[in-house]
Amino acid sequence: MRSELAVATLPDVGTPIRRIPRIPLSRDLDHLPGASGALAGYRNVLGWVRRGDAHLRDQVARYGPVYRHMFGVDPIVCVADAELVSRIGRNREKTWSAGVAWGYYLSGMDEDIQGWDGILTLDDRPHRDVRKLLSPAFGPEALESYARGCEDLIEQEVSSWVGRGRVEAKAAFRKLLVRISAMIFMGERDEKEAERLDRTIRDLWLASFTPALGIPLGAVRSRMVSSYRRLLKALLARMAEDPNPTGTDLFSRFCRSRGEIEWADDETLARTFISTMLAAFDTNTLSMSSMAHVLSHHPDWQERLRAEALDAVEPGVRGLARMEQTENVWNETMRLFPVGSHVMRRPLVDVELAGHAIPAGTLVYALLGPPMRDPGAWTDPAAFDPERFAAGRTEHRAKPGVFAPFGLGAHACVGGLLAAHQVKMIYRTLLSRARIEPVGPMHHRHSYAPLGAVAGRVRVELRPLGDGAGRR
Ligand code: HEM
């Protein structure tokens, strides 16, 4: 039976959605294998936080590739089969809405919102319009200028880590990436301003996560919303002061495209811009921290990457393009320690997945982690083996959906290349200066909180290389 409430309020397939309301979730899921009830929902959230992807793989082993569960107070359907994940993400049937799914969490977060909430709450043509607007800011010329713009900052920060000796990778990478992002995104070089921006982004993540936990819009959320409004006001003031900015930062590039979308006023653009930053801050910090853990326990791979780093001295993106082994290690790290747990979608009509009827309006989590251990695609899936990505093996292309750390289809990550450049630049500098040694044993514990990484603190020892061992 279909949830009449959800169906009554769902937009038609292909309808551009403006100001997505919070459409109730379909709850008619009893015919699916899985668990239900509030207690299961809270236990499930704890499982995600404590055991990350291992928790999800256990659920798949128990219930199969399509199952129902609760995430906090919300009934969800999880999909773990690579081809189904690919089908949902690519959305060739034009059935799956990211907007209605994200809108469930984000809509109404700020009662003053007059326009779109963000890039992930858009579907169809409005979404294509925004992607087009963003594309020059992620094109080759822009990426080159970002790469050159942050070289000095990376040098400085890496020197200070090596000087300190022992670092906690999550905090260290975050501090550096926040400064890089503030510079790239907003042309902001001031450390304090970068930290303030970071706090706002953190608040926004928390604000979008609280409804699933059944936490009412109380004091906590309103504090988060006020820091969001402050940032929005600052962006709008900047747009008003300088209607045609010449800066090379992402915001200036974005502003220069104003007027290209007839439906988007300044406020809509500023909100869209904030949502773009929201997707960028934590993601790469976590992938790089997991990589530090992995490299500290694989000195052989570290040596290979060091040789590559010392060889790739050409400035800008040309040198980075040569760092294929670094990219393979990064990919292998994200395969074993996924960053994004799922892409969230809702079908706008009733659909069938692996013989199970999924009612329109169901909140579906297309899981990204379990397919990355699919034994049908990966040899010895639990092993650390970066060469599986190299030419000649390319296991990540074995079948659709087996490797999608950046999502799939129209909403696939816009910043994947930028993230890869940042990883290569930072590791090129770090590995040419120091050897990364472990503090404590290798462990595979993973956690989603809500983004994923090696669980807990990632402490590593940085031993400066002897004279002549490093060049940069
Ligand atoms: C390791 C780093 C990163 C990972 C693992 C990652 C992962 C993802 C994933 C899985 C999605 C798809 C979400 C969905 O379909 O529901 C996504 C979308 C997105 N990412 Fe990333 N991301 C990373 C870095 C970045 C960076 C550096 C930026 C810079 C701006 C960025 C900007 C975005 C944006 C704007 C979207 C939404 C695209 C759209 O809706 O069209 N990401 N990312």
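Each ligand, and each atom within it, is numbered from 1 in the order the structure gives. The analysis underlying the following values was restricted to heavy atoms, covering all of them including side chains, and did not include hydrogens, waters or symmetry mates.
- With sequence neighbours excluded, the residues satisfying side chain to side chain donor-acceptor pair (under 3.5 Å) with Glu387 are Arg304.
- By the 4.0 Å heavy-atom criterion, Gln422 is excluded from the residues contacting ligand 1.
- When only modelled atom types and interatomic distance are considered, Thr268 and Asp265 share a side-chain donor-acceptor pair under 3.5 Å.
- Here the closest non-hydrogen pair linking Ala98 and His411 is CB-NE2, 3.5 Å.
- Counting atoms of ligand 1 from 1 in the listed order, those under 4.0 Å from a heavy atom of Thr276 are 30 (C), 35 (C).
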Does the ring-ring contact (aromatic ring centres under 6.0 Å, His included) test come out yes or no for Phe71 and Trp48, once each step is laid out? CA-CA 10 Å; Phe71 193 82; Trp48 283 57; 5.0 Å; yes

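- If you check which protein heavy atom lies closest to atom 40 (O) of ligand 1, you get His411 ND1, 2.6 Å.
- Near atom 21 (Fe) of ligand 1, less than 2.8 Å away, sit the protein N, O or S atoms Cys413 SG.
- Backbone and side-chain nitrogen or oxygen atoms of Arg131 are examined, and one is located within less than 3.5 angstrom of a nitrogen or oxygen of ligand 1.
- Short contacts between ligand 1 and Ser287, defined as distances under 4.0 Å to a heavy atom of the residue, involve ligand atoms 1 (C).
- Residues satisfying the side chain to side chain donor-acceptor pair (under 3.5 Å) criterion with Lys170, sequence neighbours excluded, are absent altogether.
- Ring planes of Phe173 and Trp161: perpendicular class, angle over 60° (limits at 30 and 60°).
- Of all the heavy atoms of Phe273, none lies under 4.0 Å from any atom of ligand 1, so neither backbone nor side chain is involved.
- The ligand atoms of ligand 1 that sit less than 4.0 angstrom from a heavy atom of Leu120 are 14 (C), 16 (O), 40 (O).
- Val458 is listed as a side-chain neighbour of Glu168, based on a closest heavy-atom distance under 4.5 Å.
- When hydrogens are left out, the protein atom nearest atom 15 (O) of ligand 1 is Arg345 NH2, 2.7 Å; that is the closest non-hydrogen contact.
- Within the 4.0 Å heavy-atom cutoff, Ala410 counts among the residues contacting ligand 1.
- Centroid-to-centroid, the aromatic rings of Phe384 and His298 come within less than 6.0 Å.
- Rounding to the nearest 0.5 angstrom, the gap separating the CD1 atom in Ile88 from the OH atom in Tyr365 is 13.5 Å.
- Looking at atom 5 (C) of ligand 1, its nearest protein heavy atom turns out to be Pro405 O, 3.5 Å.
- Within 6.0 Å of CD on Glu324 lie no more than 12 heavy atoms contributed by other residues, nucleotides or ligands.
- Interface atoms of ligand 1 facing Trp102, defined by a heavy-atom separation under 4.0 Å, are 16 (O).
- Nearest non-hydrogen protein atom to atom 37 (C) of ligand 1 is Ile119 CG2, 3.8 Å.
- Residue Phe138 approaches ligand 1 through these ligand atoms, each under 4.0 Å from one of its heavy atoms: 30 (C).
- With respect to atom 1 (C) of ligand 1, the closest heavy atom belonging to the protein is Asn284 OD1, 3.5 Å.
- Judged purely by distance below 3.5 Å, without hydrogens or angles, the side chains of Ser145 and Arg253 pair a donor atom with an acceptor atom.
- Under the salt bridge (charged side-chain N to carboxylate O under 4.0 Å, His left out) rule, Arg179 has a single partner from Glu191, Glu193, Glu195, which is Glu191.
- Proximity of Met277 to ligand 1, defined as any heavy-atom pair under 4.0 Å, is not found for any part of the residue.
- The side chain to side chain donor-acceptor pair (under 3.5 Å) search around Lys233 returns none, not counting sequence neighbours.
- Using a 30° and 60° split on the angle between ring planes, Phe403 and His396 fall in the perpendicular class, above 60°.
- Near His127, meaning under 4.0 Å from any of its heavy atoms, are these atoms of ligand 1: 39 (C), 40 (O), 41 (O).
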